[in-house]
Participant: 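Let me give you the structure first, and then I'll get to my questions.
Note that these values count all heavy atoms, side chains included, but never hydrogens, waters or copies made by symmetry. First listed ligand is number 1; within each ligand, the first listed atom is number 1.
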Amino acid sequence: VDESYQKTYKKFDEILPTLPKDKGWFSEHLVQYQGFWLKPRALLGALLINDHFTNPQPSDIILSTSPKCGSTWLRALMFAIINRNTYDFETHPLLTTNPHDLVPFFEGYMRRDGSYSGRVDSLPSPWFLSSHLPHSLLPKSLTSTCRFVYICRDPKDVFVSKWHFMNNVRPKELPPISFEEAFDLFSRGVSHYGPIWDHALGYWKASRESPETVMFVKYEDVKKETSVYVRKLADFLGVPFSANEEEEGIVEKIVRLCSFENLSNLEVNKTVKTTKVRPSVSNSDFFRKGQVGDWVNHLTPEMAQRLDQITKDKFQGSGLSF
Ligand code: A3P
């Protein structure tokens, strides 16, 4: 193993025990690092990226999200947009491959020796990666060079989505977490890459400062006008749809291909089998309802009000709202 990577590991081993700890959702605990709650593995990923991802290119694209805000969907849409001249819609890779296996997870793919596990370095440049890391934990060289798409979502729906996801993937050997306890953790920001509000604000500010390199979208808006956003994404990514493509209905084909109804009903995404890369998560876990406002079926009015109040307080004066 390269000596410079050993240095990062050493740093990780030294920092880890000094960090505040709280309860984890999918692991025993989360640690708080520079204001954000991370799984230790994600902290390691962040350190490795900071120390060793030294040569980002302007053509590299990173899809950033807080967990459960719509990364699966955006991975699919962006993959389909970027690669629309490579595949036809009848034999498209998205029909047989889960979006998570087509768009590698940045901080998860850094291996212990610091190299990327197989698939990332075999990807053609420009890289298209997905990440949950907060803007402030990424190296400046990267945030000032690559293009970012960020999707956020109403925290009430995120919490409900996350609660269901946790019930599917929380290791059985860990004690269960009740709905109320999960709500308390989430409200305090103790959830992966949380607080979700600070996470969103970091990218929101970046998008305001540099709209040509950071595109900020909301799940609710993409849901309402998907084809409008497919065009906006293509424009942002520097591959706008031509008049010919418009005539051929390519935008609508992409929207249909990536729709919740289509993706969630594909054989590959119905499988409950886990993969080596995601030992505790099945492809099917990434698809639940895919709707806006499902929180009404799960949160008490007091809970909803509490999250809305936090959202209002945190976003006050930023221009961002839900
Ligand atoms: P719900 O649990 O509310 O249904 P992520 O992909 O970031 O993990 O987020 C998961 C959420 O996105 C889940 O929300 C999931 O159902 C929803 N989702 C997955 N694929 C989608 C799609 N193609 N269109 C809309 N929503 C989708």
Participant: Let me see the working for His164 and His298 under ring pair (Phe, Tyr, Trp, His ring centres under 6.0 Å), right down to the final yes or no.
Facilitator: CA-CA 11 Å; His164 285 98; His298 301 277; 4.7 Å; yes
Participant: With nothing but distance in play, are any N or O atoms of Leu263 less than 3.5 Å from an N or O of ligand 1?
Facilitator: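 No - when backbone and side-chain N and O of Leu263 are compared with those of ligand 1, no distance drops under 3.5 Å.
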Participant: Quick test of your reading: applying side-chain hydrogen bond (donor to acceptor under 3.5 Å, both in side chains), list the pairs with at least one residue in residues 74-90, sequence neighbours left out, ordered by first then second residue.
Facilitator: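 Counting only pairs at least two positions apart or across chains, the side-chain hydrogen bond (donor to acceptor under 3.5 Å, both in side chains) contacts touching residues 74-90 are Ser71-Arg75, Arg75-His100, Arg75-Ser130, Arg84-Glu245, Asp88-Thr91.
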Participant: For the residue pair Lys39 and Phe26, would you count it as a cation-pi contact if the rule is NZ or CZ under 6.0 angstrom from the ring centre and within 45 degrees of the ring axis?
Facilitator: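 Ring-cation test returns no.
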Participant: Hey, looking at atom 2 (O) of ligand 1, which of Ser259, Ser161, Ser71, Ala76 has the closest heavy atom?
Facilitator: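 Closest candidate by heavy-atom distance is Ser161.
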Participant: So between Lys162, Arg153, Arg288, Arg75, whose heavy atom ends up nearest atom 11 (C) of ligand 1?
Facilitator: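 Going through Lys162, Arg153, Arg288, Arg75 one by one, Arg153 has the nearest heavy atom to atom 11 (C) of ligand 1.
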Participant: Kindly confirm or rule out an N or O of His100 lying under 3.5 angstrom from an N or O of ligand 1.
Facilitator: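 So ligand 1 has no N or O lying under 3.5 Å from an N or O of His100.
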Participant: Give the numbers and elements of all ligand 1 atoms closer than 4.0 Å to a heavy atom of Lys289.
Facilitator: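 Selected atoms, number and element: 4 (O), 16 (O).
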Participant: Compute the shortest N/O to N/O distance between Pro67 and ligand 1 and return yes if it is under 3.5 Å, no if not.
Facilitator: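 No, there is no polar N/O contact under 3.5 Å.
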Participant: Sorted by first residue and then second, give each side-chain hydrogen bond (donor to acceptor under 3.5 Å, both in side chains) pair with at least one member in residues 229-242; sequence neighbours left out.
Facilitator: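 Those involving residues 229-242 are Arg231-Glu246.
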Participant: Between Thr65 and ligand 1, is there a nitrogen or oxygen pair with a distance under 3.5 Å?
Facilitator: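 Thr65 vs ligand 1: no N/O contact under 3.5 Å.
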Participant: Ring of Trp73, cation from Lys223 - is the NZ or CZ under 6.0 Å from the centre and inside 45° of the axis?
Facilitator: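 Ring-cation test returns yes.
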Participant: So is there a nitrogen or oxygen of Tyr219 less than 3.5 Å from a nitrogen or oxygen in ligand 1?
Facilitator: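 Yes - when backbone and side-chain N and O of Tyr219 are compared with those of ligand 1, one distance drops under 3.5 Å.
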Participant: Determine, considering heavy atoms only, which of Phe165, Trp163, Phe287 sits nearest to atom 20 (N) of ligand 1.
Facilitator: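 Checking each option, the heavy atom nearest atom 20 (N) of ligand 1 is found in Phe287.
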Participant: Decide whether a cation-pi geometry holds between Lys162 and Phe186; the criteria are a distance under 6.0 Å from NZ or CZ to the six-membered ring centre and an angle within 45° of the ring axis.
Facilitator: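 Judged by the rule, Lys162 and Phe186 form no cation-pi pair.
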